There are 2 protein chains.
Amino acid sequence: MAVTLLDDYGIADLTMRRLARELGLTPGALYWHFADKQALLGAVADRILATTTSATAPAPWADRVHAICTGLRDALLSTTDGAELVSASFAAGKSEQMAAILDRLTGAAAEAGIDATHAGLAARSVLYYVLGFTADEQSRLQWDAAGALADGQSVMTTDPNGRFIFGLRLLVDGMSAQAAASRDHRGDPGVTVPAP
Amino acid sequence: MAVTLLDDYGIADLTMRRLARELGLTPGALYWHFADKQALLGAVADRILATTTSATAPAPWADRVHAICTGLRDALLSTTDGAELVSASFAAGKSEQMAAILDRLTGAAAEAGIDATHAGLAARSVLYYVLGFTADEQSRLQWDAAGALADGQSVMTTDPNGRFIFGLRLLVDGMSAQAAASRDHRGDPGVTVPAP
DNA sequence: ACCTGAACACCGTTCAAGT
DNA sequence: ACCTGAACACCGTTCAAGT
């Protein structure tokens with residue numbers, strides 16, 4: 001299975017030739033099952049995310065965003081280089097699971113009160129954050145586990161859960177503010193919460 | 001020059017061997033100048049961003065964030081696959097220019113009123129957004145220029161500037177809200193702007 | 001339907017040796 | 001100081017041919 005190979009050796013060693021060898025096949029054999037490497041990686045990404053795609057519980061939108069993003073991060077962290085792989089597959093538009101998650105986040109954004117034109121973008125912004133944060137976190141974790149990183153390493157490694165939800169709240173607060181702005185004077189959502 | 005090669009053929013063709021050939025050198029020669037390919041790419045990334053690193057004008061923090069991010073996006077869009085390249089170099093910690101931009105954004109976040117522990121994360125979140133958005137935008141632009149994409153393509157390609165600043169405002173609003181929260185009852189920044 | 005064999009056109013990196 | 005020659009250990013992809 002490709003996922004085991006990924007988990008054991010990382011994304012750099014997840015090559016078509018190596019996977020074929022592990023499966024007792026010839027490299028060319030994989031091209032009967034997948035169009036190219038991108039398609040294969042997309043399938044692996046969707047496998048990693050398979051656990052995440054649970055039901056959309058009928059909760060307030062902010063709670064739903066929180067639940068979706070926490071679940072996504074957990075799934076990414078559960079496998080070696082998971083964040084990097086899913087990030088790449090999402091960027092290439094090769095993950096159906098990520099498309100589904102994007103839809104669910106778009107729904108939450110719309111329910112928050114963001115107009116249809118921008119709800120999708122708000123949802124994407126949330127995903128950029130989750131993928132960026134988790135890829136960062138994971139690379140540090142793995143670098144760390146591999147021996148380096150002297151001691152406490154101070155910031156950026158302590159309390160990753162707290163840091164993650166802080167950043168997530170930044171987006172959620174922004175969505176609230178934006179929704180409020182477009183409610184007040186509709187047609188002109190161009191007003192920012194004023195700086196102190 | 002590596003940047004010209006990148007601009008003409010894209011990141012996939014920016015290989016050590018190809019670059020060496022273009023320079024009239026042997027592949028091994030590049031390893032006298034750079035430790036490895038990552039270092040070379042980091043240098044190219046910093047070249048692309050060289051124009052951006054202008055002075056930090058003494059403006060309100062939100063305006064500074066806006067200026068920094070707009071300048072960054074312009075620089076990324078100015079070269080083929082610029083966003084993807086810089087994104088990778090930033091993730092690998094190989095771009096000094098991105099480190100400098102991160103510092104400037106951290107300063108802005110601190111000035112917004114976000115405590116020192118979280119200002120860096122807020123700055124990172126902004127960068128995740130700018131890099132994610134622009135990489136998306138650029139891949140669509142290039143796919144488009146390469147012939148595909150039937151017609152108007154509806155959402156996600158129309159008014160990219162407006163969409164970009166909308167998403168950016170999400171983050172800026174979130175920073176304002178978070179700063180306000182930590183001002184009200186310090187020690188507990190865990191309160192969200194309530195949903196409608 | 002599913003796979004092999006064999007080829008095509010490449011990669012990044014190292015390192016003795018040259019000038 | 002800067003570069004070549006030559007090798008090492010790989011890549012992704014295609015495609016006739018086999019079963």
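Computed from a predicted model, the values in this text were never measured in an experiment. Chain identifiers are assigned alphabetically (A, B, ...) following the order of the sequence lines, protein sequences preceding nucleic acid strands; residue numbering begins at 1 within each chain.
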Checklist entry - Considering residues at least two apart in sequence or located in another chain, which fulfil the salt bridge (charged side-chain N to carboxylate O under 4.0 Å, His left out) criterion with A:Asp46? => result none
Next on the checklist: Working note: A:Phe133 + A:Phe166, criterion ring pair (Phe, Tyr, Trp, His ring centres under 6.0 Å); need CA distance, chi angles, decisive distance, verdict.
Outcome noted: CA-CA 11 Å; A:Phe133 180 95; A:Phe166 175 90; over 10 Å; no
Item to check | Polar side chain donor-acceptor pair, B:Asp63 to B:His66, under 3.5 angstrom | outcome: no
Next on the checklist: Between A:Arg140 and A:Asp136 (salt bridge meaning N to carboxylate O under 4.0 Å), is one present in this structure?
Outcome noted: yes
Checklist entry - Whole-Å distance between C:dA9 P and B:Asp13 CG? => result 16 Å
Checklist outcome for this item: Once base and sugar-phosphate atoms are separated, protein heavy atoms under 4.0 Å mark nucleotides 13-19 of chain D, 5' to 3', with B, S and - as BBB----
Checklist entry - Roughly how many Å is it from CZ in A:Arg21 to C1' in D:dG12, rounded to a whole number? => result 14 Å
Checklist entry - Separation of B:Tyr9 atom OH from C:dC10 atom C1', in whole Å? => result 17 Å
Next on the checklist: Test side-chain hydrogen bond (donor to acceptor under 3.5 Å, both in side chains) on B:Asp81 and B:Gln138; report intermediate values, then the result.
Outcome noted: CA-CA 7 Å; B:Asp81 292 334; B:Gln138 193 165 42; over 6 Å; no
Checklist entry - Mind checking whether B:Tyr128 and B:Phe90 have parallel, tilted or perpendicular rings, split at 30° and 60°? => result tilted
Next on the checklist: Keeping B:Thr15 on the side-chain end and B:Arg18 on the backbone end, is there a donor-acceptor pair under 3.5 Å?
Outcome noted: yes
Next on the checklist: Measure CZ/B:Arg18 against P/C:dA9 and give the value in whole Å, please.
Outcome noted: 15 Å
Checklist entry - What integer number of Å spans the P atoms of C:dC10 and D:dA9? => result 23 Å
Checklist entry - Would you say B:His33 reaches D:dA1's phosphate, i.e. side-chain N/O to OP1/OP2 under 4.0 Å? => result no
Checklist entry - So which nucleotide from D:dC3, C:dG12, D:dG12 ends up closest to the side chain of B:Leu25? => result D:dC3
Checklist entry - With a 4.5 Å limit on heavy-atom distance, are the side chains of B:Leu40 and B:Lys94 in contact? => result no
Checklist entry - What is the distance from CG of A:Leu19 to C1' of D:dC10, rounded to the nearest Å? => result 16 Å
Next on the checklist: Quick test of your reading of the model: are B:Arg163 and B:Glu137 salt-bridged, counting only N-O distances below 4.0 Å?
Outcome noted: no
Checklist entry - Stems in DNA chain D: runs of 3 or more consecutive Watson-Crick or G-U pairs, distances under 3.5 Å? => result C:4-8 with D:12-16, C:12-16 with D:4-8
Checklist entry - How long is the line joining CG of A:Leu14 and P of D:dC11, in whole Å? => result 11 Å
